[in-house]
Amino acid sequence: VEHGDSMGNRGAIAAGDVQWMTAGSGIIHQEMPKGDPTGRMHGFQLWANLPASLKMTPPRYQEVKTRDIPEITDDDGTQVRVVCGEFWGKSGPVDGIAADPIYIDVSVPAGMRRTLPVETSRHAFAYVFGGSGKFCNASEPLAVPTEGVGWADDKPPSAADNRSLILFDRGDEVEVQAGEEGIRFLLVSGKPLQEPVAWYGPIVMNTQEQLQQAYQELEKGTFLKTKG
């Protein structure tokens, strides 16, 4: 994926790499996926809201190569890549994020049961993108609308298969039982902002009035407060 933005940032990420962009007071950007020779690729895009007090913070772009992402292998073979936040004594390279997220890439070997800590003050979810398994005390696996998902909402699977989203209630740990092929998933947690959200298209604000103002500025050409 090739990145370009109104701040003058340019970059490209490949398999295992991460880019983290803070939109702040406003930024115009483009992400140009290349894919494999047949045009296929898979990746993840996560939007994290900024608190009202930081909505007008200067835009920021971080690009991290896979070699710079700490990877931990536990005694039972469980592997964790720490993208953001602190986990098992390691800190991820993405920093300075308002919601203080912990963003990890977890692989649990076939047949293993694993417990992962989560702070009780956080909201958390998991997204499975390899293998299958079961999560204790979580929501039923939810279908994610991507090509290849073929089950209906009224008949959810008993296990969290590939391309399943799992939501967790408050607690201090997440427990997963890996299936016959093991399981790989993103585990993301963050501190709830507890603020109203007004969203339309690519712009997220706190009120409808702020949202309307942002689109008026976009039309007038005054949307960008900081330029490269």
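All of these numbers come straight from a predicted model, not from anything done at the bench.
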Indicate yes or no for a side-chain donor-acceptor contact from [X] to the backbone of [Y] under 3.5 Å, with no hydrogens or angles considered.
| X | Y | answer |
| --- | --- | --- |
| Lys55 | Leu50 | yes |
| Gln210 | Thr207 | yes |
| Trp47 | Asn49 | no |
| Gln177 | Gly111 | yes |
| Gln79 | Ile72 | no |
| Tyr215 | Tyr200 | yes |

Are any of the side-chain heavy atoms of [X] and [Y] separated by less than 4.5 Å?
| X | Y | value |
| --- | --- | --- |
| Ile69 | Val82 | no |
| Arg81 | Thr66 | yes |
| Arg170 | His123 | yes |
| Ile27 | Phe223 | no |
| Val118 | Asp172 | no |
| Leu186 | Phe129 | yes |
| Phe125 | Leu46 | yes |
| Ser132 | Phe185 | no |

Separation between [atom1] of [X] and [atom2] of [Y], rounded to the nearest 0.5 Å:
| X | Y | atom1 | atom2 | answer |
| --- | --- | --- | --- | --- |
| Thr78 | Leu116 | OG1 | CG | 7.5 Å |
| Lys191 | Glu119 | NZ | CD | 6.5 Å |
| Met205 | Ile203 | CE | CD1 | 8.0 Å |
| Ser53 | Asn206 | OG | CG | 9.5 Å |
| Gln62 | Gln19 | CD | CD | 11.0 Å |
| Ile183 | Ser164 | CD1 | OG | 8.5 Å |

Quick one: list whatever passes side-chain hydrogen bond (donor to acceptor under 3.5 Å, both in side chains) with [X], sequence neighbours left out.
| X | value |
| --- | --- |
| Gln213 | Glu217 |
| Thr120 | none |
| His42 | none |
| Asp75 | none |

**Request:** Looking only at non-hydrogen atoms, find the nearest pair between Ser91 and Pro70 and report the distance.
**Result:**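 Closest approach of Ser91 to Pro70, heavy atoms only: O-CG, 3.3 Å.
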**Request:** Look at the rings of His3 and Tyr61 and say which category their plane angle falls in: under 30° parallel, 30 to 60° tilted, over 60° perpendicular.
**Result:**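 The rings of His3 and Tyr61 lie parallel, inter-plane angle below 30°.
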**Request:** Start with the C-alpha distance between Arg60 and Asp95, add both sets of side-chain angles, then the distance that settles salt bridge (charged side-chain N to carboxylate O under 4.0 Å, His left out), and finish with yes or no.
**Result:** CA-CA 11 Å; Arg60 183 185 180 205; Asp95 60 8; 2.8 Å; yes
**Hphob cluster co-occupancy, Val204 + Leu54, side-chain heavy atoms under 4.5 angstrom** =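 Val204 does not cluster with Leu54.
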**Message:** Salt bridge check, Glu175 against Arg114: does any charged N sit closer than 4.0 Å to a carboxylate O?
**Reply:** no
**Fill in**
For Leu193, the other hydrophobic cluster members (4.5 Å side-chain criterion, sorted by chain and number) are none
Less than 3.5 Å apart, which donor and acceptor atoms pair up between the side chains of residues 7-15 and the rest of the protein, not counting sequence neighbours?
unit_1 : atom_1 : unit_2 : atom_2 : d
Asn9   : ND2    : Asp5   : OD1    : 3.3
Asn9   : ND2    : Asp5   : OD2    : 3.0
Arg10  : NH1    : Asp5   : O      : 3.3

